[in-house]
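Structure record follows, encoded as C-alpha cells.
As the structure is a prediction and not an experimental result, all values here were calculated from the model.
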Amino acid sequence: AEARIIATLDHCSRVCDQLTEGLDYIEALLRKQVIAAIGKEVSPFEFDEYMRFHNRKLFADAFAPLPFCFPVRRSAEHSPEGTLSIEEQGGGTDGEPSMGTPIVTLVAKAASHHPMYFPLGASTNVSFNADRYLHAWLLHQFSGGGPSRAARVVSRARQFSSMIVIVGRIASATAFEPKYAAIVQNKDELSIPLDLSTIPTAKEFKDAIESLSPEQQAFAKAFRSMQLESTLFGILVIQIKPQLEKVLNLPENSLTKEIKLAQDVTQLFLKYHIPSDLLSFDSQGMEIVGGASTAERLEVVRSHVAAMQAMIEEAKKEEVEERRLQAAYAAPLAVPGPAPPVEDFLEEASPCTTTAVPRQEPTRSRGFGSQIMDVFFNMEGVR
C-alpha cells in the first residue's frame with residue numbers, strides 16, 4: 001500500500017511538472033506571436049506613450065491628462081518668471097532613456113477657500129492663499145523588471161527673475177510640512193530627485209498581518225495610517241517680487257520694471273540680512289498731500305538702498321584697513337615697499353614680509369556682516 005501511494009504521488013508530481021511546462025510553452029508562444037504582430041518588445045516607457053495616445057481618444061479636452069509643466073507668473077498680463085515641472089528620465093525612442101520628459105497627470109484645480117500654513121520656525125507660522133492643484137500620476141511598471149523609473153522636480157528661472165520653491169508634504173487641509181526650500185533666480189536650474197516607493201494595497205496589508213499577534217497588528221495598522229496620511233507630496237512656489245513690494249510698502253507691480261532696485265534689495269536681504277524696516281517706505285516725517293505716488297515711494301526706497309550700500313562699503317574699507325594694521329603688527333620688520341592690493345589682505349598675509357607669517361584672524365572687532373546678523377536675529381526675537 002505504501003509503495004502504491006509513493007508511486008501515485010510521484011506520478012502526480014510529474015504530471016504537475018508537465019502541466020507547468022506546457023503552460024509556459026503556450027505563454028512563450030503567445031508572447032512571440034504578440035511581439036511578431038507589434039514588431040518589437042514593448043517597454044514601460046513605450047506603454048506610457050500608448051496610454052497617452054489612448055487617453056487622447058478616451059477623455060474630453062477638459063478632463064484629459066496634462067504634462068506636469070507649468071509657467072510661474074503673476075497674472076496673464078505678466079511674462080513667466082520661470083517654469084516648474086516633474087520630469088522623468090525616459091520616454092525616448094525604442095525604450096531608451098532620453099532627456100527629461102514631463103510626466104502626464106490627471107489634474108483637478110480648486111480655488112482657495114481657506115488659508116494654509118507652514119512653520120518658518122519654532123514660533124513663526126506663514127499663511128498663504130493660492131489656487132491649488134491636485135495631480136494623480138499613473139506609473140506603469142512591468143513585473144519582469146526593466147529600467148527603473150526615475151523622476152525629479154525641476155525648476156528653472158529666467159534672467160532677472162526669482163522665486164522660492166518649497167517641497168514637502170500636505171499634513172492636513174490647512175497644514176503644509178516643508179522639507180526643503182531653495183531660491184531659484186537668474187537662469188538657475190534646480191533639480192530634486194524623487195525617491196518613489198510603493199505602499200502595499202489594503203488586501204496585501206491584510207494578508208501580511210494575518211499571522212501577527214494582536215499587539216503587532218495594532219502597531220502595524222497605526223503605522224500604516226500614519227503612512228497614508230503623510231504620503232501626499234506637495235510643492236509650493238512663492239514669487240519674490242510681490243512679497244518685496246509688500247514688505248517695502250510699495251504699490252502692486254511697482255517693481256516689475258525696476259530690475260536693478262529689485263536685485264539690490266534681494267542682495268541686501270539674502271547676503272547681509274538687512275531688516276526690511278530699514279529699507280521700506282515710511283511716510284513719517286514727509287509732508288505729502290493726497291498720499292505718495294509710486295515714483296515717490298520708489299525714490300524713497302532707492303535712497304534707503306543707496307545709503308545702506310554706502311554704509312556697507314565703508315564698513316568693508318574699515319575692515320580691510322584693520323587687516324592691514326594686523327598684518328603690520330604681525331610683521332613689524334617687514335621691508336618697506338608699495339602697499340599690497342586689498343585682495344591680499346582678504347585672503348592671505350602681505351607678500352612684502354621677509355619671514356613667513358601665519359594668517360591672523362581678528363580678535364577684538366567683528367565685521368559688519370556679523371553685527372548686522374546679530375541685530376537681525378535680536379529684532380526677530382523681539383517680534
Side-chain angles (χ1 to χ4, degrees), residues 67-72 81-90 100-110 112 114-139 141 148-157 161-200 220 222-244 247 266 269-271 273 373 376-377 380-381:
F68 194 104
C69 183
F70 299 94
V72 179
E81 299 281 331
T83 59
L84 177 69
S85 61
I86 295 182
E87 299 179 354
E88 184 182 13
Q89 293 299 116
T101 305
I103 64 175
V104 178
T105 61
L106 296 170
V107 187
K109 178 182 177 181
S112 176
H114 53 79
M116 295 186 67
Y117 303 88
F118 68 87
L120 190 61
S123 60
T124 305
N125 289 327
V126 177
S127 63
F128 61 94
N129 278 302
D131 294 335
R132 297 159 193 180
Y133 298 84
L134 180 63
H135 300 265
W137 178 31
L138 182 59
L139 178 63
Q141 185 72 34
S148 60
R149 311 293 296 273
R152 56 176 184 164
V153 178
V154 180
S155 177
R156 300 178 178 92
S161 301
S162 57
M163 56 185 171
I164 302 175
V165 179
I166 307 175
V167 296
R169 296 180 298 181
I170 307 296
S172 65
T174 59
F176 176 73
E177 296 181 355
K179 294 297 181 182
Y180 305 98
I183 297 178
V184 186
Q185 59 180 347
N186 298 333
K187 301 179 69 173
D188 286 345
E189 179 176 338
L190 175 66
S191 178
I192 304 176
L194 299 179
D195 185 11
L196 305 177
S197 60
T198 303
I199 297 179
F223 195 84
R224 177 177 172 82
S225 64
M226 182 196 69
Q227 287 180 325
L228 294 177
E229 292 178 359
S230 304
T231 55
L232 188 56
F233 176 70
I235 306 175
L236 175 62
V237 179
I238 302 176
Q239 300 185 43
I240 293 181
K241 283 185 180 179
Q243 310 308 320
L244 289 179
V247 299
T266 303
F269 284 157
L270 298 180
K271 186 175 181 180
H273 299 273
M373 289 183 65
F376 174 73
F377 287 119
E380 290 294 328

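The CD atom of Glu177 sits 11.0 Å away from atom CG of Leu232, with the distance rounded to the nearest 0.5 Å. Distance check, rounded to the nearest 0.5 Å: CE of Met116 to NE2 of His114 gives 7.5 Å. Note that CD1 of Ile103 is 11.0 Å distant from SG of Cys69, once rounded to the nearest 0.5 Å. Ile86 CD1 to Thr105 OG1: the interatomic distance, rounded to the nearest 0.5 Å, is 8.0 Å. Note that CD of Glu88 and CZ of Arg152 are 11.0 Å apart. Values are rounded to the nearest 0.5 Å. The distance from atom CG of Leu194 to atom CD1 of Ile192, rounded to the nearest 0.5 Å, is 8.0 Å.
Between Thr266 and Leu244, the closest side-chain pair of non-hydrogen atoms falls below 4.5 Å. The shortest side-chain heavy-atom distance between Met163 and Gln185 does not fall under the 4.5 Å cut-off. Put simply, the side chain of Ser155 does not reach to within 4.5 Å of the side chain of Ser191, judged on heavy atoms. Two residues are said to be in side-chain contact when any heavy atoms from C-beta on lie closer than 4.5 Å; Ile235 and Ile166 fail this criterion. For the pair Glu81 and Gln239, the minimum side-chain heavy-atom distance is below 4.5 Å. Trp137 is not listed as a side-chain neighbour of Leu106, based on a closest heavy-atom distance of 4.5 Å or more.
With hydrogens and angles disregarded, no donor-acceptor distance shorter than 3.5 Å links the side chain of Thr124 to the backbone of Gly121.
Among the candidates Leu196, Val153, Ile170, the single residue satisfying the side-chain contact (heavy atoms from CB on, under 4.5 Å) test with Phe233 is Val153.
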*Lys109 and Arg132: side chain to side chain contact (heavy atoms under 4.5 Å, CB included), yes or no, with the steps?*
CA-CA 6 Å; Lys109 178 182 177 181; Arg132 297 159 193 180; over 6 Å; no

*Determine, stepwise, if the pair Val107 / Leu134 fulfils side chain to side chain contact (heavy atoms under 4.5 Å, CB included).*
CA-CA 6 Å; Val107 187; Leu134 180 63; over 6 Å; no

*Would you check, one step at a time, whether the test side chain to side chain contact (heavy atoms under 4.5 Å, CB included) holds for Ile240 with Ile164?*
CA-CA 7 Å; Ile240 293 181; Ile164 302 175; 3.9 Å; yes

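Salt bridge annotation for Glu87-Arg156: present, with a cationic side-chain nitrogen under 4.0 angstrom from a carboxylate oxygen.
Heavy atoms only, all atoms of each residue included: Ser127 and Tyr117 are closest at CB-CE2, 3.4 Å. The heavy-atom pair separating Asn129 from Pro115 by the smallest distance is OD1-CA, 3.2 Å.
Legend: residues meeting ring-ring contact (aromatic ring centres under 6.0 Å, His included) with Phe68, ordered by chain and number and at least two apart, are Phe70, His135.
A tilted orientation is assigned to the rings of Phe128 and Phe118, their planes being inclined by 30° to 60°.
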